[in-house]
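Everything below concerns the one structure shown next.
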Amino acid sequence: MPSADTFNVPPIAGFVKKYLMHSVVSVDPFSRNKRWATHTNDLNPDTSAQHHMDAEDFLLKLKCEGVFPDLVIFDPPYSIGQIVTTYASFGIDRDAKGTHNGALYSRTRDAIRQIIHEGSIVLSFGWNSCGMGVGWEIIELLLVAHGGAHNDTICMAERKLPPEPDMFSTL
């Protein structure tokens with residue numbers, strides 16, 4: 001069955017732990033009560049996360065502190081409904097600026113790109129397989145079917161590729 005705590009689902013927990021075993025510095029900007037990553041954050045101050053900030057602000061704070069992880073766990077709320085349900089008590093509603101999942105995902109992914117380096121891995125979870133985009137290679141996909149009318153959870157591991165050489169630069 002699905003769970004609001006994604007990593008309580010056994011196959012998903014195994015997927016995450018496999019990558020954490022090889023990580024030195026990891027970041028989870030939507031960690032809720034999981035303290036598996038080196039640096040954890042969740043907007044909800046009632047969670048056990050180390051920090052309680054907007055995910056984008058948290059990631060940019062890490063950048064300013066010189067934290068450059070080899071693993072980032074990207075497990076935001078999967079829909080506008082989940083965003084509202086999860087964070088309504090913090091003044092976030094359907095009309096709050098930047099809460100629509102497309103905007104939230106874009107801002108957070110942009111901040112992730114600023115703290116990772118070539119070879120870093122991002123684990124993405126959700127109901128789509130958009131991932132990090134150009135410049136990344138998919139190294140593993142896991143589709144977790146929850147049965148009935150529940151949406152599947154798509155789990156994706158991607159590695160940051162080296163920059164493409166500029167064919168038109170002068171030597």
Side-chain angles (χ1 to χ4, degrees), residues 1-21 23 26-37 39-49 51-59 69 71-113 116 120-160:
M1 290 299 293
S3 171
D5 292 315
T6 307
F7 307 145
N8 288 346
V9 177
I12 299 173
F15 181 85
V16 174
K17 287 178 179 178
K18 175 172 58 175
Y19 288 94
L20 280 169
M21 283 182 4
S23 173
S26 55
V27 170
D28 187 346
F30 299 96
S31 66
R32 296 178 57 97
N33 290 311
K34 287 289 188 245
R35 295 283 302 265
W36 292 358
H39 301 273
T40 59
N41 178 69
D42 197 277
L43 188 59
N44 182 346
D46 295 330
T47 64
S48 63
H51 301 276
H52 304 286
M53 307 169 62
D54 171 82
E56 178 186 22
D57 293 341
F58 167 69
L59 293 163
L71 178 69
V72 175
I73 299 169
F74 181 66
D75 184 35
Y78 299 168
S79 67
I80 295 169
Q82 284 188 353
I83 292 170
V84 172
T85 300
T86 305
Y87 299 120
S89 60
F90 310 109
I92 293 178
D93 60 31
R94 280 191 191 276
D95 299 322
K97 182 181 178 195
T99 59
H100 297 315
N101 57 343
L104 172 66
Y105 295 173
S106 180
R107 290 184 307 108
T108 307
R109 283 189 180 110
D110 287 346
I112 289 170
R113 288 183 190 99
I116 52 83
S120 293
I121 293 174
V122 173
L123 304 179
S124 298
F125 302 87
W127 294 332
N128 66 60
S129 58
C130 291
M132 294 299 292
V134 176
W136 293 79
E137 72 172 324
I138 298 171
I139 55 176
E140 184 176 3
L141 283 172
L142 172 67
L143 181 65
V144 179
H146 300 290
H150 298 287
N151 290 325
D152 297 341
T153 301
I154 300 171
C155 311
M156 183 170 15
E158 296 175 278
R159 180 179 294 117
K160 175 71 174 145

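For this chain, numbers begin at 1 and follow the sequence in order.
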Short question: side chain of N41, backbone of M53 - any donor-acceptor pair under 3.5 Å?
-> yes

Kindly give the heavy-atom pair with the smallest separation between L142 and P11, and that separation in Å.
-> CD2-O, 3.7 Å

Just do the salt bridge (Lys or Arg N to Asp or Glu O under 4.0 Å) check on K34 and D5 with the steps written out, would you?
-> CA-CA 9 Å; K34 287 289 188 245; D5 292 315; over 6 Å; no

Closest contact, heavy atoms only, F58 versus D28 | CE2-O, 4.2 Å

Is any side-chain N of the basic residue among D54 and R107 closer than 4.0 Å to the acidic one's carboxylate O?
-> yes

Run the numbers on S31 and T47 for side-chain contact (heavy atoms from CB on, under 4.5 Å), then give the verdict.
-> CA-CA 8 Å; S31 66; T47 64; 5.7 Å; no

Please confirm whether the backbone N or O of G131 pairs with a side-chain atom of E158, one donor and one acceptor, at under 3.5 Å?
-> no

Value for NE2 (H51) from CG (L59), rounded to nearest 0.5 Å, stands at 11.0 Å

For residues A145 and D152, report the shortest heavy-atom separation together with the two atoms involved.
-> CA-OD1, 3.3 Å

Kindly determine whether F30 and T108 satisfy side-chain contact (heavy atoms from CB on, under 4.5 Å), including the steps that lead there.
-> CA-CA 10 Å; F30 299 96; T108 307; 3.8 Å; yes

Rounded to the nearest 0.5 Å, how far apart are CD1 of I121 and CD of E140?
-> 9.5 Å

For residues S26 and I73, determine if any side-chain heavy atom of one lies less than 4.5 Å from a side-chain heavy atom of the other.
-> no

From L123 atom CG to L20 atom CG, the distance as rounded to the nearest 0.5 Å = 7.5 Å

So which heavy atom on R109 is nearest to which on C130, and how close?
-> NH2-CB, 4.2 Å

When every non-hydrogen atom of S23 is compared with those of L71, the smallest separation belongs to OG-CB, 3.6 Å

Report yes or no: does R32 contribute a side-chain atom to a donor-acceptor pair with the main-chain N or O of N44 at less than 3.5 Å?
-> no

Would you confirm whether H52, through its side chain, and D42, through its main-chain N or O, come within 3.5 Å as a donor-acceptor pair?
-> yes

Quick one: do F125 and V9 satisfy side-chain contact (heavy atoms from CB on, under 4.5 Å)? Show the steps, please.
-> CA-CA 12 Å; F125 302 87; V9 177; over 6 Å; no

Taking every non-hydrogen atom, the tightest pair across S120 and W136 | O-CZ3, 3.8 Å

With under 30° as parallel and over 60° as perpendicular, where do the rings of F7 and W36 fit, or are they tilted in between?
-> parallel

Got F74 and M132 here, is their nearest side-chain heavy-atom distance under 4.5 Å?
-> no

Could you walk me through whether F15 and T153 pass the side-chain contact (heavy atoms from CB on, under 4.5 Å) check?
-> CA-CA 12 Å; F15 181 85; T153 301; over 6 Å; no

